[in-house]
Trainee: 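Just dropping this structure here.
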Amino acid sequence: MRDHLATGLRTDGAGALRIGDAGREVTLCGWVHRRRDHGGLVFLDLRDRYGLVQCVVNPETVPATAFREAERIRAEDVIWLEGVVARRPDGSVNPDLPNGDIEVRVFDCRMLSETATPPFPIDVEKEGGEVSEETRLRWRFLELRRMRLTSAIGMRHRIAFQTRCYLDNRSFWEVETPMLTRRTPEGARDYLVPSRVHPGSFYALPQSPQLYKQMLMVAGYDRYFQIARCFRDEDLRADRQPEFTQIDIEMSFVEQEDVIETVDGLFRHLFRTCLGVTIGEIPRLTHAEALRRFGSDKPDLRIPHELVDVTEDFRETGFRVFDSVVESGGVVAALRVPDGADASRSVIDRWTELARSAGAGGLVWARPGGEGWSSSIDKFVGPERWIAAGGRSGAKSGDLLLVVADRPRRAFSALGSLRTHLAAERGWIGTARPWSLLWIVDFPLFEEGDGGGIAPSHHPFTAPPGGMESLSATDPLEIPSLAYDLVLNGYELGSGSIRIHERAVQERVFEMLGISREEARAKFGFLLEALEYGAPPHGGIAVGLDRIAMLFAGAESLREVIAFPKTTSASALLEGAPSPVGEQELSDLHLRLDTSGGPA
């Protein structure tokens, strides 16, 4: 008997029973997953958090009152029953259940709580068009009863628990940081909270605990972690929510290798304890190599096909588009599509639009055949060029080459997006390598900003490897950084870096980003002040717990591993948030609505 599940109303969890329990009398409680009536026998599939068990009510072996109760029971009613665990008769074993070889033969049962008719059937595990996501999120407490979601939430719990175990065993302390904090620019919009006692002033919900964990390093708490709640007011998608959870780690007196080794160990532990999978050494790619070979800084290495630089094969072609790109320092990049020569014009047109949406000016195709090479630019580029490019890319008869000519980052990025799309469309990812972990290292310190100028490649607290000396480079985009990302199956799981621990270096980085000394003091004064009081060399990483859970659980969306998620418009349909507030509440916060209905 599993004593820890026993309560005053039950002896066991229904789904926790196994063949070893055969012959034992049990008392169970739970929800009726499914009810079937077979020739006088009533079969009840009883469900709780631990799974399902089949229960059989025989009118010849139960009191008449209990059988009448069983006859009126319907799906999703909450019931109590007593019975004995027995091996199922030959031919009736259910191989889809871990306890499909047993059943509970009921002595007595009664209703504990009768259900209203649910808005959708709970026992339909595979969702389709019959139930909209809006309906499921409105009735989320019912959808959470579905065993697939129950399993996903359980996986999330195990990941968080095992993370705490691993880090505690390595002398990390879990320290909570504030939810109400000061607004600091971290790349996304803040959620703001008006202060009642400080009229006209606002708190911000943290986008991350970044500055607080650096404060803890200055305080001497040299191994910190937190299962941290974070908030960002940004456009949503399947792998993004306005509030999310990350595994936050920071360490003092470390170099980049120390942080990476710690996280390597954490993921070996998580894979072993949560999935029963042993992973080997996690490979590494430089940021530049990842872009050149895969067109992404979060490549999925399960996809076998790489991008190829064929610039040398297209110098001085006489084709103005290619020649102007090559002369200006751009590249001609190619992606081989095995057995893609039979792609129709409409399919290639669709791929072209995908490449354009990813930043490319266009897409050129070429294919080898029995009569030599043909391409979409035959009248400009002769077959000898394609023979060379085909040899470089490994193309053979029946294949298709997709080519983009542009600035290096744009060309590789566009083909990288197309590579990911084609992998799903053409089934390039096999089942032999279900997990692909990867470190991306040697990021640049800065990247081109959206509105011109430069922006941090990670965040403005990332250290360059040479300190102040590195920041004197002529081209800021060439300055390296001590930043690193962890990637799993094409998803960025986490970003980290060694931090700046000297005030002069931090102020210089702010200056290069166009942040004046006055603005830096106003927004980051407490950090700059802390860096003057014996700040140790330190670094860390933040890893997305939601994304780990999504991938470990085999889910397609973060919403499947978050108990009460938001929609893509950041609405909470279950409780109806966000919602208007009354004039008195606004007055207490020193706010009023303008005539258009927005806050003023």
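Bear in mind the structure is a predicted one, so any value in this text is a computation, not a measurement.
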Trainee: Does a salt bridge link D300 with R419, judged by any charged N lying under 4.0 Å from a carboxylate O?
Mentor: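 Salt bridge between D300 and R419, a charged N being under 4.0 Å from a carboxylate O: no.
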
Trainee: Given the rule in the side-chain hydrogen bond (donor to acceptor under 3.5 Å, both in side chains) test, do H538 and D222 qualify, once you have shown the distances and angles that lead to the verdict?
Mentor: CA-CA 8 Å; H538 59 282; D222 71 323; over 6 Å; no

Trainee: Quick one: sort the W173 and Y221 rings into parallel, tilted or perpendicular, breaks at 30° and 60°.
Mentor: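 Aromatic pair W173/Y221 classed perpendicular.
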
Trainee: Quick one: are E234 and P242 in side-chain contact, heavy atoms under 4.5 Å?
Mentor: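 No - every pair of side-chain heavy atoms lies 4.5 Å or more apart.
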
Trainee: Is the number of heavy atoms from other residues, nucleotides or ligands within 6.0 Å of CD (E176) greater than 12?
Mentor: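 Not more than 12 within 6.0 Å, no.
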
Trainee: Spell out, as yes or no, whether a donor-acceptor pair under 3.5 Å connects the side chain of D168 to the backbone of C165.
Mentor: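 Side chain of D168 to backbone of C165: no pair is present.
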
Trainee: With ring pair (Phe, Tyr, Trp, His ring centres under 6.0 Å) as the rule and sequence neighbours excluded, what pairs involving residues 36-82 come up?
Mentor: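 Sorted result for residues 36-82: H38-F43.
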
Trainee: Would you give the length of the straight line joining atom CD1 of I562 to atom CG of D546, rounded to the nearest 0.5 angstrom?
Mentor: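 I562 CD1 to D546 CG: 4.0 Å, rounded to 0.5 Å.
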
Trainee: Checking N489 side chain against P434 main chain: does a donor-acceptor pair fall under 3.5 Å?
Mentor: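 Present.
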
Trainee: Once salt bridge (charged side-chain N to carboxylate O under 4.0 Å, His left out) is applied, do any residues pair with E82, and if so which ones, sequence neighbours excluded?
Mentor: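 Counting only residues at least two positions away or on another chain, E82 forms no salt bridge (charged side-chain N to carboxylate O under 4.0 Å, His left out).
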
Trainee: Examine distances only and state if a side-chain atom of R35 and a backbone atom of E71 form a donor-acceptor pair shorter than 3.5 Å.
Mentor: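 Present.
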
Trainee: Does CD belonging to E575 count more than 12 external heavy atoms closer than 6.0 Å?
Mentor: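 Check passes, neighbour count above 12.
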
Trainee: Is any NZ, NE, NH1 or NH2 atom of the basic residue among E76 and R47 found under 4.0 Å from an Asp or Glu carboxylate oxygen of the other?
Mentor: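 So E76 pairs with R47 through a salt bridge.
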
Trainee: Is the Y484 ring parallel, tilted or perpendicular to the W439 ring (thresholds 30°, 60°)?
Mentor: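 Rings of Y484 and W439: perpendicular, as their planes differ by over 60°.
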
Trainee: Calculate, to the nearest 0.5 Å, the distance between atoms CG and SG belonging to L81 and C29 respectively.
Mentor: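 It comes to 7.5 Å.
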
Trainee: Measure the shortest side-chain to side-chain distance between L149 and R140 over non-hydrogen atoms and say whether it is less than 4.5 angstrom.
Mentor: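 Of all side-chain heavy-atom pairs linking R140 with L149, at least one is under 4.5 Å.
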
Trainee: Is there a donor-acceptor pair under 3.5 Å between the side chain of S151 and the backbone N or O of M147?
Mentor: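 Side chain of S151 to backbone of M147, a donor-acceptor pair under 3.5 Å: no, none is there.
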
Trainee: Is the Lys NZ or Arg CZ of R240 less than 6.0 Å from the centre of F244's six-membered ring, within 45° of the axis?
Mentor: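 Checked: cation-pi criterion not met.
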
Trainee: State plainly whether the residues R74 and D77 are in salt-bridge range, i.e. N to O under 4.0 Å.
Mentor: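 Between D77 and R74 there is no salt bridge, as every charged N stays at least 4.0 Å from the carboxylate O atoms.
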
Trainee: Relative to each other, are the rings of F461 and H459 parallel, tilted or perpendicular (30° and 60° limits)?
Mentor: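 Ring orientation of F461 relative to H459: tilted.
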
Trainee: Could I get the full list of salt bridge (charged side-chain N to carboxylate O under 4.0 Å, His left out) partners for E353, not counting sequence neighbours?
Mentor: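 E353: salt bridge (charged side-chain N to carboxylate O under 4.0 Å, His left out) contacts with R356.
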
Trainee: Please step through ring pair (Phe, Tyr, Trp, His ring centres under 6.0 Å) for the pair F141 and F564, ending with a clear verdict.
Mentor: CA-CA 8 Å; F141 63 92; F564 300 102; 8.9 Å; no

Trainee: Do R156 and T245 have side-chain atoms, one donor and one acceptor, less than 3.5 Å apart?
Mentor: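 Result is yes, a qualifying pair exists.
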
Trainee: Identify, with sequence neighbours excluded, every residue that meets salt bridge (charged side-chain N to carboxylate O under 4.0 Å, His left out) alongside R350.
Mentor: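 If we apply the salt bridge (charged side-chain N to carboxylate O under 4.0 Å, His left out) test to R350, skipping adjacent residues, the hits are E425.
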
Trainee: With a 3.5 Å distance limit and no angle check, can you tell me whether R183 reaches the backbone of L192 through a side-chain donor-acceptor pair?
Mentor: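 Not at all, since once roles are kept as given, no pair shorter than 3.5 Å links the two residues.
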
Trainee: Please assess Y212 against T181 for the test side-chain hydrogen bond (donor to acceptor under 3.5 Å, both in side chains), listing each intermediate value before the final yes or no.
Mentor: CA-CA 10 Å; Y212 286 113; T181 183; 2.7 Å; yes

Trainee: Could you give the side-chain donor-acceptor pairs of residues 97-104 under 3.5 Å, partners two or more places apart or in another chain?
Mentor:
residue: N99; atom: ND2; partner: L17; partner atom: O; Å: 3.4
residue: N99; atom: ND2; partner: L52; partner atom: O; Å: 2.8
residue: E103; atom: OE1; partner: Q54; partner atom: NE2; Å: 3.0
residue: E103; atom: OE2; partner: R105; partner atom: NE; Å: 3.0
residue: E103; atom: OE2; partner: R105; partner atom: NH2; Å: 3.3

Trainee: Please list every donor-acceptor pair under 3.5 Å in which a side-chain atom of residues 108-121 meets a protein atom from a residue at least two apart or in another chain.
Mentor:
none

Trainee: Under the 3.5 angstrom rule, does the side chain of Q226 hit a backbone N or O of T177 as a donor-acceptor pair?
Mentor: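 Such a contact is found between Q226 side chain and T177 backbone.
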
